[in-house]
Amino acid sequence: MFEKYYINSGIGYGNSYLTSFDAALLHSGVGNYNLVRVSSILPVGVARQKSIDIKAGSQLHIAYAEISSNNLGDILSAAVSVGIPANKLNIGVIMELALYNEEKETVKRVEEMVKEAMVNRGYEIEQIITYSCEAIVERKGYTTAFSGIAMW
């Protein structure tokens, strides 16, 4: 079903949660699509892309993590990580995590989750790809951190 995937992160700001979330989607490159949330499996044979090459307004399947706050001083971080199997006949595993924490801690934890999920399947890992972002709520309104892996 899926042939391609795209991974990215973004930060958004807005007067409401929803406009902040929308701005984070735009910043990450997925804001002009109808997102369909999926679970955490990267199909066999999909190719990584640097951008999304389908018509704006189309459905886009995505596994993602997001976190928003309007509390000044909050630290927000979101990360997605995918384990690419050494055996190209195996699926990859995606993990998503969003925390009120520093980015480096979120990245560490999400990559540990990928490693565990791959071990659970008996898969050797060729590569782990992680995208993440961190934001500190420093202004009135909402701030959102978003990371996602889109597939089409």
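For this chain, numbers begin at 1 and follow the sequence in order. Quick note: numbers below take in every heavy atom, side chains included, and nothing from hydrogens, waters or symmetry partners. No experiment lies behind these values; they were computed from the predicted model shown.
The ring pair (Phe, Tyr, Trp, His ring centres under 6.0 Å) contacts involving residues 81-117 comprise nothing, where partners must be two or more places apart or lie in separate chains. Judged as a salt bridge (charged side-chain N to carboxylate O under 4.0 Å, His left out), not a single pair has a partner in residues 16-33 (not counting sequence neighbours). Sequence neighbours left out, not one pair with a member in residues 26-37 passes side chain to side chain donor-acceptor pair (under 3.5 Å). Under the side chain to side chain donor-acceptor pair (under 3.5 Å) criterion, the residue pairs touching residues 137-152 are S9-S147, S20-T144, D53-W152, S68-T144, N70-Y142, with sequence neighbours excluded. Note on residues 56-84: pairs passing ring pair (Phe, Tyr, Trp, His ring centres under 6.0 Å), not counting sequence neighbours, are F2-H61, Y64-F146.
Following chains of ILVMFWY side-chain contacts shorter than 4.5 Å, one cannot reach L76 starting from Y17, and the two form parts of different hydrophobic clusters. There is a path of hydrophobic side-chain contacts, each under 4.5 Å, that joins V38 to Y5. Cluster annotation: L25 is connected to I54 through the hydrophobic network of ILVMFWY side chains, with a link wherever side-chain heavy atoms come within less than 4.5 Å. Residues L72 and I11 do not share a hydrophobic cluster, defined by chaining ILVMFWY side chains whose heavy atoms lie under 4.5 Å apart.
Under a 4.5 Å side-chain heavy-atom criterion applied to ILVMFWY residues, the cluster that includes I136 comprises I75 as well. Cluster note: I128 groups with I41, V44, I91, V93, M95, L97, L99, V110, M113, V114, M118, Y123, I125 through ILVMFWY side-chain heavy atoms spaced under 4.5 Å, whether in direct contact or through intervening members.
Remark: S132 pairs with E103 by the side-chain hydrogen bond (donor to acceptor under 3.5 Å, both in side chains) rule, at least two apart or across chains. Judged as a salt bridge (Lys or Arg N to Asp or Glu O under 4.0 Å), and not counting sequence neighbours, K108 has no contacts. With sequence neighbours left out, the salt bridge (Lys or Arg N to Asp or Glu O under 4.0 Å) criterion links E3 to no other residue. For K88, the salt bridge (Lys or Arg N to Asp or Glu O under 4.0 Å) partners two or more places apart in sequence, or in a different chain, are E126. Under the rule for a ring-ring contact (aromatic ring centres under 6.0 Å, His included), Y13 has no partner lying at least two apart in sequence or in another chain.
The two atoms that bring I52 and A150 nearest to each other are CD1-CB, 4.5 Å, heavy atoms only. When all heavy atoms are compared, the tightest approach of L35 to I62 is CB-CG2, 3.9 Å.
No more than 12 heavy-atom neighbours from other residues, nucleotides or ligands sit within 6.0 angstrom of CD on Q59.
Atom CG in N87 sits 9.0 Å away from atom CD in E124 (nearest 0.5 Å).
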